[in-house]
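Single-structure report; data block below.
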Amino acid sequence: MSDPMRVVRLCHLYPAEMNIYADRGNIAVLARRLEWRGMRLEVTGAGLGDAVLPGEHDLYYLGGGQDRDQALVAADMARTKGDALVSAVEDGAALLAVCGGYQLAGRGYVGVDGSSMPGIGLLDAETVAGDTRLIGDVLIDATLDGETREVAGFENHAGRTHLGAGAVPLGTVVAGHGNDGHDGTEGVVRLRAIGTYLHGPLLPKNPWVADTLLAWALAHRTGEAVPLAPLDDVLEDRARAVAAGRARGERSERLIGRRAQAPAGS
Ligand code: GLN
């Protein structure tokens, strides 16, 4: 029988509603990176109406959704799962919340039509939809466990997210929009929870983020740091380099476009 300490228990929150950004791809990466190391990911879903019991999972995943789906999920999550998720993270479980999930893991989201959706307040971030969508490749310098690395992804959100005074962003924007399009921050990290707008999906081309989440989940599972054997990430690194180049290139094209439109002499 396999050693239960070598099984990471992942809870996929609202897989039917919050799933528009290749969220299953992110989960497949987590599963495969464990398998390559002789471990296993056990995935259970928790949908509308389902309760979550703190202590039953090592890692929670909450994906992105359209405003319509988010509205359904927001009310349900606040009612059936909010307190348990906050306790779980405060007790050392890990969480990745992407895009719409990030907004709902925060204090709440006011959608494009002005409707207010409650968040669970796990992350100190407040989001209000703007008039335009922030779309495109995005590159950030992300810091996790005191280490800073380049992380690449794609963003597509109407929400402008503002962090509370004491909140720690996931990273600083190198190219793209980030939390609100202005303040140069992207995402937020609290304990072992990450909220981010980066998808596309995020984890296949950023294995360092995947391994950080797995290390956190294994630490929760076993009560101690579990060293993760290094893997051959040549393809993953190449994919990230392409996405990073696209993000940088889009930015310079935009700048060139602006210059071309600027009046002579400016
Ligand atoms: N509906 C939210 C927004 O537009 C989140 C979208 C998403 O998950 N991409 O900001």
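Bear in mind that the values here come from a model prediction, so they are computed numbers and not experimental data. Note that these values count all heavy atoms, side chains included, but never hydrogens, waters or copies made by symmetry.
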Path from Y61 to V73 over hydrophobic side-chain contacts below 4.5 Å: no
If you group Ile, Leu, Val, Met, Phe, Trp and Tyr whenever their side-chain heavy atoms sit less than 4.5 Å apart, what else falls in with L231? W36
Quick one: closest heavy-atom pair of T143 and V189, and the distance? O-CG2, 4.4 Å
To the closest 0.5 Å, what do you measure between CD (E155) and CD (E186)? 7.0 Å
side-chain contact (heavy atoms from CB on, under 4.5 Å) between L144 and I194, worked out: CA-CA 9 Å; L144 292 171; I194 299 174; 3.9 Å; yes
Got a donor-acceptor contact below 3.5 angstrom from the R6 side chain to the M39 backbone? no
Working for salt bridge (Lys or Arg N to Asp or Glu O under 4.0 Å), residues R221 and E42: CA-CA 12 Å; R221 181 77 176 120; E42 183 182 278; over 6 Å; no
V110: which other cluster members, linking ILVMFWY side chains closer than 4.5 Å, directly or transitively? V128
Near R32 CZ, under 6.0 Å, is it more than 12 heavy atoms from other residues, nucleotides or ligands? no
When rounded to the nearest 0.5 Å, the distance separating CZ of R248 from CG of D137 is 12.0 Å
Just so I know, are the side chains of V8 and L30 near enough to count as touching, which here means a heavy-atom distance under 4.5 Å? no
To check you understand the geometry: which heavy-atom pair defines the closest contact between H220 and R192, and what is its length? N-NH1, 3.9 Å
Reported CD-to-CG distance for the pair E126 and L163, which is rounded to 0.5 angstrom: 11.0 Å
Looking only at heavy atoms, the pair that brings A152 and A243 closest together is CB-CB, 3.9 Å
I'd like to know if the side chain of K205 and the backbone of G153 have a donor-acceptor N/O pair within less than 3.5 Å. no
Has R240 got a side-chain atom pairing as donor or acceptor with N206's backbone, closer than 3.5 angstrom? no
Steps toward side-chain hydrogen bond (donor to acceptor under 3.5 Å, both in side chains) verdict (N19, R24): CA-CA 7 Å; N19 61 5; R24 281 190 309 174; over 6 Å; no
Between D83 and I120, does the side-chain contact (heavy atoms from CB on, under 4.5 Å) criterion hold? Intermediate values first, please. CA-CA 7 Å; D83 292 347; I120 60 170; over 6 Å; no
Look at the side chain of D145 and the backbone N and O of E147, then say whether any donor-acceptor pair between them is shorter than 3.5 Å. no
Is a salt bridge present between E90 and R190, judged by a nitrogen-to-oxygen distance below 4.0 Å? yes
If only atom types and distance count, is the side chain of D67 paired as donor or acceptor with the main-chain N or O of V112 below 3.5 Å? yes
Audit row: D76, Y14, side-chain hydrogen bond (donor to acceptor under 3.5 Å, both in side chains) steps and yes/no: CA-CA 10 Å; D76 184 82; Y14 303 99; 2.5 Å; yes
Before giving the answer on salt bridge (Lys or Arg N to Asp or Glu O under 4.0 Å), spell out for D233 and R33 the whole-Å C-alpha distance, their side-chain angles and the decisive distance to 0.1 Å. CA-CA 10 Å; D233 286 330; R33 295 185 74 81; 3.0 Å; yes
Within 6.0 angstrom of R133 CZ, more than 12 heavy atoms from elsewhere: yes
CG on L202 to CG on N26, rounded to 0.5 Å: 5.5 Å
To the nearest 0.5 Å, what is the distance between CG (D232) and CG (L235)? 7.5 Å
From CA spacing to verdict: side-chain contact (heavy atoms from CB on, under 4.5 Å), V226, R37: CA-CA 12 Å; V226 177; R37 293 163 165 130; over 6 Å; no
Please find the pair of heavy atoms, one from A93 and one from Y60, that lie closest to each other, and give the distance. CB-CE1, 3.9 Å
Same apolar cluster (I L V M F W Y, side chains within < 4.5 Å links), M18/I20: no
Establish whether L95 and L104 are linked, either directly or via other cluster members, by ILVMFWY side-chain heavy-atom contacts under 4.5 Å. yes
Would a hydrophobic clustering, with Ile, Leu, Val, Met, Phe, Trp and Tyr connected at side-chain separations under 4.5 Å, put L203 with L59? yes
By ring-ring contact (aromatic ring centres under 6.0 Å, His included), which residues pair with Y197, not counting sequence neighbours? Y102, H157
Do L214 and L34 have side-chain heavy atoms sitting under 4.5 Å apart? yes
Given the options T185, T161, T127, N179 meets side-chain hydrogen bond (donor to acceptor under 3.5 Å, both in side chains) only with T185
Using 0.5 Å steps for rounding, measure from the OG1 atom of T80 to the CG atom of L48. 8.0 Å
Donor-acceptor contact below 3.5 Å, side chain R40 vs main chain G38: no
Pick out which of R9, H12, H57 makes a side-chain hydrogen bond (donor to acceptor under 3.5 Å, both in side chains) with T44. H57
Closest heavy-atom pair, A193 versus W216, reported as atoms and distance to 0.1 Å, is N-CZ3, 4.3 Å
Would V209 end up clustered with I140 when hydrophobic side chains under 4.5 Å apart are linked, directly or stepwise? yes
I would like to know whether L13 and V52 meet side-chain contact (heavy atoms from CB on, under 4.5 Å); could you show each step before the answer? CA-CA 9 Å; L13 297 159; V52 162; 4.0 Å; yes
